[in-house]
2 protein chains.
Amino acid sequence: MTDKQSGETLTRNQTLVLEALSAAETAMTAYALLDVLRDSGLRAPPQVYRALERLRALGLVHRIESLNAFVACCHPDHDHAPATIFAICEDCGTVSEIENEAIAGRLETVAGEADFKLSRSAIELKGQCGDCTAK
Amino acid sequence: MTDKQSGETLTRNQTLVLEALSAAETAMTAYALLDVLRDSGLRAPPQVYRALERLRALGLVHRIESLNAFVACCHPDHDHAPATIFAICEDCGTVSEIENEAIAGRLETVAGEADFKLSRSAIELKGQCGDCTAK
DNA sequence: ATAACGGATGTTATATCATAACGCGATGCG
DNA sequence: CGCATCGCGTTATGATATAACATCCGTTAT
């Protein structure tokens with residue numbers, strides 16, 4: 001059996017990227033991550049993108065398409081349906097993750113009605129979070 | 001009264017971009033549009049991006065976030081809710097636009113429950129369209 | 001008429017996001 | 001050992017997007 005990198009464990013770079021993302025309040029671009037992690041030894045974009053790619057495959061990180069940026073998954077434990085909803089505050093940049101079975105199901109239905117075989121979906125809401133509304 | 005560009009009419013560049021997009025089967029990137037329209041006199045990215053920006057504001061064009069690309073709106077007539085769904089075929093690249101009140105409403109609800117003031121949303125489904133499934 | 005203004009335009013340069021391609025070194029396995 | 005695999009580091013480049021500035025041309029005010 002090979003324990004090197006065949007499934008569970010994260011490599012050094014992957015750990016660094018995941019920790020930086022988890023510590024961040026907002027979504028971070030790959031280059032922002034690179035800047036933050038330069039002191040930790042990362043030098044070039046591919047290092048960050050490779051780590052992100054693997055972390056995404058493991059479901060530990062999500063890409064926010066409308067921002068070209070990334071967030072750590074809030075609840076990496078349970079396999080989430082392919083229908084996570086992201087609420088992105090346009091004031092403070094906070095991204096919150098929402099799971100909603102009803103919408104996931106409806107999307108499946110709608111896709112089916114349109115004769116579309118759904119594999120993944122990206123649902124991104126823009127607006128103002130509670131904290132910023134209060135201010 | 002000024003008829004030049006105060007609301008309704010499209011400028012030459014805007015018309016060119018909209019026509020190119022409407023003619024396309026799939027979503028097109030700004031640079032793809034630029035290539036296509038070079039013979040028509042467009043030379044540089046800002047010309048395309050400016051036209052796209054205005055067309056989007058008019059609701060005639062949508063941006064597909066997950067592709068960094070653009071499509072002409074299928075039904076520019078009726079003001080659509082801020083919850084259009086795009087079904088993107090990963091085989092042939094076709095993008096179809098789906099309107100669904102139920103999902104739009106549910107998203108409003110879910111956002112409200114999360115104390116989030118929703119302004120716009122991007123819903124992008126990836127998968128296989130009917131034609132490609134049949135093949 | 002003409003000066004001043006505003007909006008669209010054209011153009012150059014640059015910022016930002018992402019990946020191709022190569023070689024190295026460690027590890028597991030025959 | 002010899003070889004395959006994988007992560008890694010590095011360089012270079014591709015792809016997407018915008019800043020900034022000069023110009024042109026109707027409209028409007030004088």
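Numbers restart at 1 for each chain; the letters A, B, ... are given by sequence-line order, proteins then strands.
For A:V36, the side chain to side chain contact (heavy atoms under 4.5 Å, CB included) partners at least two apart in sequence or on another chain are A:A20, A:M28. Qualifying side chain to side chain contact (heavy atoms under 4.5 Å, CB included) partners for A:S66, counting only residues two or more places apart in sequence or in other chains: A:I64, A:I88, A:E124, A:K126, B:E65.
When rounded to the nearest whole Å, the span between CD of A:E53 and C1' of C:dC17 equals 15 Å. In this entry the distance linking CG of A:L55 with C1' of D:dG7 reads 14 Å, nearest Å. Rounded to whole Å, atom P of C:dT11 lies 12 Å from atom CZ of B:R38. Atom-to-atom, CD1 of A:I64 to C1' of C:dT16 comes out at 18 Å; the value is rounded to the nearest Å. When the P atom of C:dT9 is taken as reference, atom CG of B:L16 falls 10 Å away, rounded to whole Å. Between the P atom of C:dT16 and the CG atom of A:D35 lies a distance of 10 Å, rounded to the nearest Å.
Closest to the side chain of A:R54, out of C:dT9, D:dG7, C:dA18, is D:dG7. Checking D:dC8, C:dA18, C:dT9 against every side-chain atom of B:N13, the shortest atom distance belongs to C:dT9.
Among all heavy-atom pairs drawn from A:L107 and B:I103, the shortest one is CD2-CD1, 3.5 Å. When all heavy atoms of B:A30 and B:V48 are compared, the pair lying nearest together is O-CG1, 3.6 Å. Across every non-hydrogen atom of A:A44 and A:L34, the tightest pair is N-CD1, 3.9 Å.
Proximity of residues 41-50 of chain B to DNA chain C (heavy atom under 4.0 angstrom from any strand atom) is restricted to B:R43, B:A44, B:P46, B:Q47, B:R50. Taken residue by residue, residues 22-34 of chain A places no heavy atom nearer than 4.0 Å to DNA chain D.
Residue pairs meeting the side chain to side chain donor-acceptor pair (under 3.5 Å) criterion with at least one member in residues 28-48 of chain A, sequence neighbours excluded, are A:D35-A:R38. Among pairs with a residue in residues 86-131 of chain B, those fulfilling ring-ring contact (aromatic ring centres under 6.0 Å, His included) read B:H62-B:F86, at least two apart in sequence or across chains.
Within the 4.0 Å cut-off from OP1 or OP2 of C:dC17, not a single side-chain nitrogen or oxygen of B:N68 is found. Between A:R12 and D:dG9 there is no side-chain polar atom (N or O) within less than 4.0 angstrom of OP1 or OP2.
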message: Before you tell me yes or no, could you show the steps for B:C92 and B:C129 under side-chain contact (heavy atoms from CB on, under 4.5 Å), namely the whole-Å CA-CA distance, both residues' side-chain angles and the distance that decides it to 0.1 Å?
response: CA-CA 8 Å; B:C92 68; B:C129 72; 3.7 Å; yes
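Put simply, CG on A:L21 and SG on A:C73 are 11.5 Å apart, with the number rounded to the nearest 0.5 Å.
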